[in-house]
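First up is the structure itself, then whatever we jot down about it.
Just so we're on the same page: letters track the sequence lines, and every chain starts at 1.
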Amino acid sequence: MTTTTDLISDLRWRGLIHQCTDESGLQKLLGEGPQRIYIGFDPTATSLHVGGLMQLMMLRRFQRAGHQPIALVGGATGMIGDPSGKSEERKLLSVEDLQRNVAGIASQVERFLDFDGDRGALLINNFDWMQKFSYLEFLRDVGKNFPIGPMLGRDLVRSRLENEVGLSYTEFSYVLLQAYDFVHLAKTYGCRIQGGGSDQWGNITAGIDLGRRMGGLQLFGLTAPLLTTSDGRKMGKTESGAVWLDPERTSPYAFYQYWLRVEDADVMRCIAYLTEIDREEYESLQQQTQADPGKRVAQKRLAAWMTELVHGSAGLAAANHASEILFGGEIDRLSDRQLSEIFADVPSNECSRELLSGEGLWIVDALRQAGLSSSSGEARRAINEGGIYLNNRRVSDFNRKLTADDLASETVLVLRKGKRNYALLRFV
RNA sequence: GGGAGGUUGCCCGAGUGGUUAAAGGGGGCGGAUUGUAAAUCCGCUGACUAUGUCUACAUAGGUUCGAAUCCUAUACCUCCCA
């Protein structure tokens, strides 16, 4: 376990301190003994995606250094919607969706932090205290402490007004809620530190100002950089959408593969940002990457670390198993269950089992059924080009008919076009 | 209101009566190579019940043995003059 003095320097070499309101003050505070730090999570979906890992890891690092993390799920703030980083007004979530999202995110946060013992992490929902406020009370107690000048000066507000996209009163007032959360936590839990991504800076400093005005509190804010690639794009996006922490949305295999495919230019930064790999190993990985990038030692280490953290050792084992099969040889004599785990992210279609009987199902029709070809001409072409694989075996004859003997498991046929476009056909 | 030019496949763009399913490029898709990278090279890129048939060059008609190419009308776009 790192000590408090190590914590700030550890964060610094990892590049995790983007902005800090008063670094020497914060260092002093952390030196005085265990502190509490909070980070809010926006319940915009039932799951966090990889961007949220930065925040989860920050809490985790504080906990390992002997402090107490507080994960706040924004049941109340989510009803309004944080306009930070959004170029246009957001749609409001329904109350039912919101509740589902809050529950989903809470269960994910629990995997990252230790909730046992005196210093166990806390998981709270700001709806619990916000719901008790009446509008009038809120305006008198909180709104009175918000001068409108600085609010209008915020980048977010200015850019929205300049672009004529506009901003509703609701989103304009969002910052009051998050600012009040901080003050509330400072008063009831003695939590004097708020962390977050760099997009949260404005919200955090607003809370610090409010704390000073409402009770002479001295609060601290610390933001981490956003997780971006070397050319400035946000990480966590693939062609097929966001990479989620929820195994139902992004299978452990896909999650593992995402990290394995991180570019050389980004991999060391990801390791610094997202893992607890120590400096010694970090430097060794860096050397190995430079010496022989083809081995992708750093990517493998990153992928293994992330997958084990998020999906457990069983998830990592499943991801490895799937990788072996997909990049290995033929697919044969597997069970439906194994296949559906390996191909959890692969589109699948059901067809009637009768198609396999008699003469069998024409491969061209199978490709169309599976969505790999949009026309039979395209399917024939792909076969002629040697780009079609049945159970990972290349198909060379476009007159090929598929029968029950071709099934890779009880009911499933695995089709592939090119290197990695898989599709399943289930015969039921 | 008058005049000139334009509208081609997913996109850009050549083609001005006869192998034109339409040059070339981009994009996309495959293959080889590779590190599940980048770069490179090669192939494919309208549809179908497929060695043939059908549909396509803004839309609708017409001339012709034969039209993306010529004629007429319509729609849209660009420019110039008032």
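Taking only distance into account, the side chain of A:E385 never meets the base of B:G31 through a donor-acceptor pair shorter than 3.5 Å. A donor-acceptor contact under 3.5 Å is formed by the side chain of A:D264 with the base of B:G35. In the interface, the side chain of A:S376 is not paired with the base of B:A47 through any donor and acceptor atom under 3.5 Å apart. Taking 3.5 Å as the limit, the base of B:U36 and the side chain of A:R261 contain a donor-acceptor pair of atoms between them. For B:U45, its base never sits under 3.5 Å from the side chain of A:E378 at any donor and acceptor pair.
Rounded to an integer number of Å, the gap from CZ of A:R380 to C1' of B:U45 is 16 Å. The interatomic distance linking A:D365 (CG) with B:A47 (C1') rounds to 15 Å, in whole Å. Summarising the geometry, the separation between CD1 on A:I325 and P on B:U36 is reported as 18 Å, rounded to the nearest angstrom. Per the geometry, CZ belonging to A:F255 stands 21 Å off P belonging to B:U36, to the nearest Å. Rounded to an integer number of Å, the gap from A:R301 CZ to B:G35 P is 23 Å. If you take CZ of A:R296 and P of B:U34, they are 14 Å apart, rounded to a whole angstrom. Between A:R416 atom CZ and B:U36 atom C1' the separation is 11 Å, expressed in whole Å. Atom NZ of A:K295 and atom C1' of B:U36 are 17 Å apart (whole Å).
On the C1' atoms, B:G52 is 42 Å away from B:G5, given to the nearest whole Å. Here, B:G26 and B:U40 have their P atoms 10 Å apart, quoted to the whole Å. B:U53 and B:A58 are spaced 27 Å apart, taking the C1' atom of each and rounding to whole Å. For the C1' atoms, the distance linking B:A60 with B:C76 amounts to 15 Å, nearest Å. Spacing of P atoms, B:U74 relative to B:C79, comes out at 23 Å, to the nearest Å. Distance noted for atom P between B:A68 and B:G3: 30 Å (whole Å). For B:C57 and B:C10, the C1' atoms lie 15 Å apart once the distance is rounded to whole Å. A distance of about 5 Å separates the C1' atoms of B:U69 and B:U16, rounded to the whole Å.
For A:K417, whose side chain is taken as the heavy atoms from C-beta onward, the closest listed nucleotide among B:C29, B:U36, B:U33 is B:C29. Proximity note for A:N421 (side chain, C-beta onward) versus B:G30, B:U36, B:G35: the nearest is B:G30. Here the nucleotide nearest the side chain of A:S323, chosen from B:U36, B:G35, B:C29, is B:U36.
Among the atoms of the strands shown, only primed sugar atoms or phosphate atoms (P, OP1, OP2) are found under 4.0 Å from some heavy atom of A:G387. In this structure, A:R394 reaches the sugar-phosphate backbone alone: every heavy-atom distance under 4.0 Å involves primed, P, OP1 or OP2 atoms, never a base.
Applying the Watson-Crick and G-U wobble criteria (two distances, each under 3.5 Å), B:U16 pairs with nothing in any strand. As the counterpart of B:A37, no nucleotide is assigned, since no Watson-Crick or G-U wobble pattern has both distances under 3.5 Å. Under the Watson-Crick or G-U wobble criterion, with both distances below 3.5 Å, B:U49 is left unpaired in every strand shown. Applying the Watson-Crick and G-U wobble criteria (two distances, each under 3.5 Å), B:A4 pairs with B:U78. Base pairing of B:A73: its partner is B:U59, meeting the Watson-Crick or G-U wobble criterion (both donor-acceptor distances under 3.5 Å). Searching all strands for a Watson-Crick or G-U wobble partner of B:A23 with both distances below 3.5 Å returns nothing. Taking a pair to require two hydrogen-bonding distances under 3.5 Å in either a Watson-Crick or a G-U wobble arrangement, B:A68 remains unpaired. Across all strands shown, B:C44 forms a Watson-Crick or G-U wobble pair, both distances under 3.5 Å, with B:G28.
Under the 30°/60° scheme for interplanar angles, the aromatic rings of A:Y180 and A:H184 are found to be tilted.
A cation-pi contact, defined as under 6.0 Å to the ring centre and within 45° of the axis, is absent between A:R353 and A:F427. Cation-pi geometry between A:R416 and A:Y389 is met: the NZ or CZ atom falls under 6.0 Å from the ring centre, inside 45° of the normal.
The phosphate of B:G31 has neither OP1 nor OP2 within less than 4.0 Å of any side-chain N or O from A:N384. Close to B:C48, at under 4.0 Å from its OP1 or OP2, lies a side-chain N or O of A:S375. A:R381 has no side-chain polar atom (N or O) that falls below the 4.0 Å cut-off from OP1 or OP2 of B:C29. Between B:G31 and A:Y389, a contact under 4.0 Å exists linking OP1 or OP2 to a side-chain N or O.
Judged purely by distance below 3.5 Å, without hydrogens or angles, the side chains of A:E410 and A:S335 never pair a donor atom with an acceptor atom.
Side-chain contact between A:D42 and A:Q200 is absent, with no heavy-atom pair separated by less than 4.5 Å.
One distance of note links CD1 of A:I39 with CE of A:M58; it measures 5.0 Å at 0.5 Å rounding.
When each of A:G377 and A:L260 is assigned the nucleotide of RNA chain B with its nearest heavy atom, A:L260 is the one assigned upstream, toward the 5' end.
For A:W13 and A:Y282, the gap between ring centers is short of 6.0 Å.
Residue A:R119 places its CZ atom among 12 or fewer non-hydrogen atoms of other residues, nucleotides or ligands, all under 6.0 Å distant.
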